[in-house]
Amino acid sequence: GAVVSQHPSRVICKSGTSVKIECRSLDFQATTMFWYRQFPKQSLMLMATSNEGSKATYEQGVEKDKFLINHASLTLSTLTVTSAHPEDSSFYICSASMVDEKLFFGSGTQLSVL
Amino acid sequence: SQQGEEDPQALSIQEGENATMNCSYKTSINNLQWYRQNSGRGLVHLILIRSNEREKHSGRLRVTLDTSKKSSSLLITASRAADTASYFCATDATSSNTGKLIFGQGTTLQVKP
């Protein structure tokens with residue numbers, strides 16, 4: 001089946017630093033990728049839709065200047081958490097869709113901001 | 001905003017028993033999907049049911065969809081300890097099947113050996 005690779009799987013950073021998370025579709029081209037955030041024991045909250053070659057579409061309440069998304073190629077989308085603070089600590093997951101509508105998910109990134 | 005409400009929030013059963021999880025949603029949908037998540041990991045797609053379908057099977061999984069009640073159920077038969085995970089329903093309510101999914105709250109299933 002299709003594979004989506006997400007890196008890093010875990011990152012610990014100091015408050016005020018920026019963190020970049022990569023999401024790659026390994027064996028298919030993904031014109032659209034999605035970024036989700038998940039708090040412990042909670043569901044996935046859609047943050048933004050990443051479109052190749054254009055600006056991302058952010059969900060209501062998500063700060064676009066805080067969470068920078070770049071989708072420069074058909075196989076790579078990146079999420080940069082800028083000036084991270086402890087409240088940004090969370091599990092971030094990317095996904096990519098294929099023509100049959102189901103999503104393939106990366107393995108997630110656990111971000112801990114000290 | 002969350003589209004789906006799932007119940008129960010947590011379910012604990014013995015190996016070999018069946019597990020049923022329910023999902024309700026609010027808007028019209030193109031399809032409804034069920035995903036599984038092991039702790040601290042990404043999600044794995046289980047099954048997709050389209051709005052014009054009422055029931056679908058995949059191995060030990062059976063999914064039903066009632067669009068009049070805006071609800072779906074996932075049945076796992078003959079459960080195994082390895083089925084222990086969180087299960088989420090997700091709906092695609094977009095007009096163009098973009099893959100943009102809104103997830104329910106999830107059901108945490110524990111299968112005791």
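These numbers come from a predicted model, not from an experiment. Residue numbers start from 1 in every chain, and the chains themselves are labelled A, B, ... in the order their sequence lines are given, proteins ahead of strands.
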- Item | Rounded distance [0.5 Å steps], CG in B:Leu43 versus CZ in A:Phe104 | 13.0 Å

- Going by residue number, which parts of residues 75-94 of chain A are within reach of chain B, meaning a heavy-atom gap below 4.5 Å? A:Phe91, A:Ile93

- Message: Tell me which pairs pass ring-ring contact (aromatic ring centres under 6.0 Å, His included) where either residue lies in residues 41-66 of chain B, with sequence neighbours left out.
- Response: B:Tyr35-B:His45

- Indicate if B:Leu46 and B:Met21 have the same hydrophobic cluster label, given that clusters are the connected sets of ILVMFWY residues with side-chain heavy-atom separations under 4.5 angstrom. yes

- Of all the heavy-atom pairs spanning A:Ser43 and B:Phe103, show the shortest one and how long it is. OG-CB, 3.4 Å

- Query: With hydrophobic residues grouped by side-chain heavy-atom distances under 4.5 Å, do A:Phe67 and A:Tyr36 end up in a single group?
  - Reply: no

- Task: Would you give the length of the straight line joining atom OG of A:Ser95 to atom CG of B:Leu101, rounded to the nearest 0.5 angstrom?
- Result: 7.0 Å

- Got more than 12 heavy atoms from elsewhere within 6.0 Å of NZ, A:Lys66? yes

- State whether the number of non-hydrogen atoms from other residues, nucleotides or ligands found under 6.0 Å of A:Arg10 atom CZ is greater than 12. no

- Looking at A:Gln60, A:Lys41, A:Gln38, which makes the most heavy-atom pairs under 4.5 Å with chain B? A:Gln38

- Item | hydrophobic_cluster_shared for A:Tyr58 and A:Phe34, side chain cutoff 4.5 Å | no

- Following the transitive rule for hydrophobic clusters with a side-chain heavy-atom cut-off under 4.5 Å over Ile, Leu, Val, Met, Phe, Trp and Tyr, establish whether B:Tyr87 and B:Val63 coincide in one cluster. yes

- Query: Would A:Leu46 end up clustered with A:Val62 when hydrophobic side chains under 4.5 Å apart are linked, directly or stepwise?
  - Reply: no

- Query: What disulfide bond (SG atoms under 2.5 Å apart) pairs are there with at least one residue in residues 32-63 of chain A, not counting sequence neighbours?
  - Reply: none

- Among residues 106-114 of chain A, which ones touch chain B with a heavy-atom distance under 4.5 Å? A:Gly106, A:Ser107

- Neighbour count >12 (heavy atoms, 6.0 Å) for atom NZ, A:Lys20: no

- Say you draw a straight line from CD of B:Gln37 to CZ of A:Phe105; how long is it, rounded to the nearest 0.5 Å? 8.5 Å

- Message: So for atom CD, which belongs to B:Gln9, do other residues, nucleotides or ligands contribute more than 12 heavy atoms lying within a distance under 6.0 Å?
- Response: no

- Message: If you count heavy atoms of other groups shown closer than 6.0 angstrom to CZ of B:Arg80, is the number above 12?
- Response: no

